[in-house]
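Chain identifiers are assigned alphabetically (A, B, ...) following the order of the sequence lines, protein sequences preceding nucleic acid strands; residue numbering begins at 1 within each chain. In what follows, every heavy atom counts, from backbone to side chain, and hydrogens, waters and symmetry copies are set aside.
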Protein chains: 2
Amino acid sequence: MGKGEDTRARILDEAMRQVSVRGMTGVSLGDLAAAMNLSKSGVLKHFQSMETLQLALLDAMTDRFVAEVWKPAEPFAPGRERLEKLFERELAWNDSENLPGGCPLTSAATELDDQPGPLRDKLKDNRVRWGRTLKREFRALRPEADDATLETLVFQWKGILLAYGHSKRLLDDESARAQATAAYRMLIGG
Amino acid sequence: MGKGEDTRARILDEAMRQVSVRGMTGVSLGDLAAAMNLSKSGVLKHFQSMETLQLALLDAMTDRFVAEVWKPAEPFAPGRERLEKLFERELAWNDSENLPGGCPLTSAATELDDQPGPLRDKLKDNRVRWGRTLKREFRALRPEADDATLETLVFQWKGILLAYGHSKRLLDDESARAQATAAYRMLIGG
DNA sequence: CCGATAAGTGCACGATCGGTCACTTTTGGT
DNA sequence: ACCAAAAGTGACCGATCGTGCACTTATCGG
């Protein structure tokens with residue numbers, strides 16, 4: 001890996017960290033450059049424009065999410081065991097010290113959900129795929145269930161994780177994790 | 001109500017609409033003034049500064065939420081009946097045509113949750129109070145349940161509504177409402 | 001109907017936004 | 001060790017950010 005590639009990766013890394021706190025719109029070229037001890041033009045050399053950087057950032061977020069949530073769970077058996085691991089990993093992802101503001105995909109989602117454009121499209125694609133992955137796992141857990149039921153389970157899974165971030169970060173609720181796992185138990189069954 | 005009061009209210013109304021789409025940071029003095037056919041200084045005359053405007057905006061959001069979600073449900077009997085109405089009203093609040101980007105409190109929450117300051121404090125206070133209100137209703141529904149159980153129910157309630165906004169707005173999921181009510185049924189019990 | 005006060009305008013300000021360009025420094029293959 | 005290409009700099013651009021100030025216009029009680 002050449003120096004350019006390395007710098008580019010480090011920029012995306014820092015940007016991801018900032019997105020988790022300030023949101024996608026909140027990270028500016030100036031802040032980013034300052035945080036990296038680089039000039040604004042030095043940053044832009046690795047991306048044609050700010051929007052290109054943001055698109056690359058969404059890709060980087062997807063890659064990291066897959067690497068830190070899905071990959072560790074993949075070796076486990078489909079269904080209950082894998083879901084258990086996925087849930088644990090997704091909580092850990094939300095708590096990662098590399099993401100001081102929690103899941104950057106959540107920040108981006110609430111920010112972009114009503115702003116048409118390539119950013120929203122890419123993010124939507126990411127989340128739709130994740131929903132399908134979860135649905136597969138729920139199907140393995142409950143082979144007899146119909147599609148509507150499976151989708152409701154996925155819906156609730158997402159709800160639990162959104163509520164986890166909300167309770168922990170805005171409400172400073174110390175019991176957020178306990179409540180998330182309690183809700184998970186109610187969903188999956190003992 | 002003098003003309004000043006009226007204009008001030010209309011500014012906050014327009015700002016709330018914009019927050020639901022662009023988020024709290026996304027609404028600027030210039031855009032706001034343009035949307036109101038007013039000059040930037042004309043807007044700022046009603047508020048000492050932009051941050052003061054934002055604080056007033058959070059109050060306005062709280063008032064509207066109470067008026068449109070809590071008030072219509074208040075006449076109903078505590079517990080099941082009132083919860084039913086509250087849930088219906090909160091879904092309607094999310095769908096309100098006055099709020100083209102969904103619940104502005106949700107936008108503000110994910111945006112401010114890691115940004116210390118008076119804005120975050122006020123929003124947190126708002127959401128904590130709402131959580132307490134929900135807990136009271138769940139206690140009326142399940143008088144035998146312990147505190148932890150009640151809080152898990154509140155946690156899940158919030159999760160359902162967060163997932164509703166996410167599914168409807170980012171994923172364009174037509175069945176979002178159906179899934180939200182299905183999840184509600186699972187939570188409350190038939 | 002008048003005059004004090006409230007409401008709103010218009011211009012200018014310093015700061016910051018994303019972005020360009022000519023330039024210098026660094027890197028790495030031969 | 002050399003030198004072309006890659007990496008990064010710094011000054012500058014027009015636009016927009018929030019804000020202050022001197023000013024004009026509209027409102028409304030006496």
Side-chain angles (χ1 to χ4, degrees), chain A residues 1-19 21-60 107-108 111-112 115-120 122, chain B residues 1-19 21-60 107-108 111-112 115-120 122:
Chain A
M1 175 165 61
K3 194 186 180 216
E5 297 290 330
D6 176 72
T7 304
R8 191 188 134 105
R10 283 178 34 247
I11 291 173
L12 290 174
D13 204 70
E14 172 61 27
M16 202 183 305
R17 181 178 284 104
Q18 291 196 14
V19 166
V21 178
R22 306 186 234 244
M24 193 78 67
T25 312
V27 7
S28 77
L29 220 41
D31 292 349
L32 201 46
M36 304 267 320
N37 291 325
L38 236 87
S39 62
K40 289 198 294 174
S41 21
V43 171
L44 262 191
K45 265 291 155 72
H46 300 275
F47 310 87
Q48 298 93 311
S49 73
M50 193 58 188
E51 195 184 30
T52 310
L53 189 156
Q54 288 168 326
L55 284 167
L57 187 46
L58 284 176
D59 283 333
S107 303
E111 198 177 348
L112 299 176
Q115 310 214 8
L119 288 174
R120 197 196 97 114
K122 191 180 274 286
Chain B
M1 175 164 63
K3 193 186 179 211
E5 297 290 332
D6 176 72
T7 305
R8 192 187 134 106
R10 282 177 34 245
I11 291 172
L12 290 175
D13 204 70
E14 173 61 28
M16 201 183 305
R17 181 176 288 106
Q18 292 197 12
V19 167
V21 177
R22 308 186 234 243
M24 194 76 70
T25 312
V27 8
S28 78
L29 222 38
D31 292 350
L32 201 45
M36 305 264 321
N37 291 324
L38 234 81
S39 63
K40 288 199 294 176
S41 18
V43 171
L44 215 46
K45 265 290 155 72
H46 300 275
F47 310 88
Q48 297 91 313
S49 72
M50 193 58 188
E51 196 185 30
T52 310
L53 189 156
Q54 288 169 325
L55 285 166
L57 187 47
L58 285 176
D59 283 333
S107 302
E111 198 178 350
L112 299 174
Q115 311 215 5
L119 287 174
R120 196 197 98 113
K122 190 178 276 286

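Checked against side-chain hydrogen bond (donor to acceptor under 3.5 Å, both in side chains), A:Ser49 has the following partners two or more places apart in sequence or in another chain: A:Thr52.
In this structure, A:Gln18 and A:Glu14 have side chains that are in contact, with non-hydrogen atoms separated by less than 4.5 Å. Counting only heavy atoms from C-beta outward, the side chains of B:Arg17 and B:Val21 never approach each other to under 4.5 Å. Within the 4.5 Å cutoff, no side-chain heavy atoms of A:Phe47 are placed close to those of A:Gln54.
Rounded to a whole Å, the CD atom of B:Glu5 is 8 Å from the P atom of C:dA7. Protein atom CG of B:Asp6 is 10 Å distant from nucleotide atom P of D:dC28, rounded to whole Å. Summarising the geometry, the separation between CG on A:Leu32 and P on C:dG18 is reported as 9 Å, rounded to the nearest angstrom. If you take CD of A:Gln48 and P of C:dG18, they are 16 Å apart, rounded to a whole angstrom. Put simply, CG on A:Leu44 is 7 Å from C1' on C:dG18, counting in whole angstrom units. Rounded to an integer number of Å, the gap from CE of B:Met36 to P of C:dA7 is 14 Å. Taking atom CZ of residue B:Arg8 and atom P of nucleotide C:dG8, one finds them 13 Å apart after rounding to whole Å. For the pair B:Met50 CE and D:dG20 P, the computed distance is 14 Å after rounding to whole Å.
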Less than 3.5 Å apart, which donor and acceptor atoms pair up between the side chains of residues 24-36 of chain B and the rest of the protein, not counting sequence neighbours?
from, atom 1, to, atom 2, distance (Å)
B:Thr25, OG1, B:Glu111, OE2, 2.5
B:Ser28, OG, B:Asp31, N, 3.2

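Rounding to the nearest 0.5 angstrom, the gap separating the CZ atom in A:Arg10 from the CG atom in A:Leu12 is 11.5 Å.
For the OP1/OP2 pair of C:dA7 and a distance below 4.0 Å, the side-chain nitrogens and oxygens of B:Thr7 include no atom meeting the criterion. The phosphate of C:dG8 (OP1 or OP2) has a side-chain N or O of B:His46 nearer than 4.0 angstrom.
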Fill in: Contact letters for nucleotides 9-17 of chain C, in which S counts primed atoms plus P, OP1 and OP2 and B counts the base, heavy atoms under 4.0 Å
BB------S

